[in-house]
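This report refers to the structure that appears directly beneath it.
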Amino acid sequence: MSGLTSITATRMADPEQDPVVLKKMVLIQHLFGPPSLRQTYQEINGNIACRWFLCYSLLDKIPHFATVSYAFCIL
């Protein structure tokens, strides 16, 4: 299995999200200023620079905004 394939397979097999990615999503929210995580999610979906910052390609699915919200409610 190639490196890219193994990374993609690992993301698909593991339902839990990387906490670093979740924190980076909140950082993007504070830097760009969208008032909600839903708008931050839409911004990341359409912004290649944000995807690069999160280490996601255009084909990778980013974590849902509810996942980010739930993760920070647990903390």
Side-chain angles (χ1 to χ4, degrees):
M1 206 184 292
S2 71
L4 180 60
T5 307
S6 65
I7 291 171
T8 305
T10 304
R11 279 196 183 150
M12 291 174 64
D14 187 26
E16 294 185 19
Q17 297 297 327
D18 184 12
V20 173
V21 171
L22 301 178
K23 290 178 183 178
K24 283 182 176 182
M25 288 179 72
V26 173
L27 179 64
I28 289 171
Q29 179 184 12
H30 290 291
L31 291 176
F32 285 106
S36 69
L37 281 171
R38 183 182 302 248
Q39 289 178 345
T40 303
Y41 175 79
Q42 292 172 348
E43 175 72 25
I44 294 170
N45 266 331
N47 190 331
I48 296 172
C50 290
R51 286 181 163 274
W52 173 83
F53 180 66
L54 296 174
C55 301
Y56 280 84
S57 73
L58 292 174
L59 301 177
D60 290 336
K61 189 174 178 182
I62 62 169
H64 196 262
F65 65 89
T67 305
V68 179
S69 178
Y70 181 73
F72 283 96
C73 286
I74 292 175
L75 299 175

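This is a predicted model, so every value here is computed, not measured.
Taking CE of Met25 as the start and SG of Cys50 as the end, the distance is 9.5 Å to the nearest 0.5 Å. Here NZ of Lys24 is found 11.5 Å from CG of Leu22. Values are rounded to the nearest 0.5 Å.
Taken together through direct or relayed side-chain contacts under 4.5 Å among Ile, Leu, Val, Met, Phe, Trp and Tyr, Val20 and Leu54 form parts of separate hydrophobic clusters.
Asn45 meets the side chain to side chain contact (heavy atoms under 4.5 Å, CB included) test with Tyr41, Arg51, Ile62; sequence neighbours excluded. A search for side-chain hydrogen bond (donor to acceptor under 3.5 Å, both in side chains) contacts involving Glu43 returns Asn47, not counting sequence neighbours. Residues passing the side chain to side chain contact (heavy atoms under 4.5 Å, CB included) test with Leu27, sequence neighbours excluded: Leu31, Phe53.
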For Ile44 and Tyr56, what are the C-alpha separation, side-chain angles and deciding distance, and is it a side-chain contact (heavy atoms from CB on, under 4.5 Å)?
CA-CA 10 Å; Ile44 294 170; Tyr56 280 84; over 6 Å; no
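Pairing each heavy atom of Pro34 with each of Gln39, the nearest pair is CB-CB, 3.8 Å.
Taking Ile, Leu, Val, Met, Phe, Trp and Tyr as hydrophobic and joining them when side-chain heavy atoms fall under 4.5 Å apart, one finds Leu58 in a cluster with Ile48.
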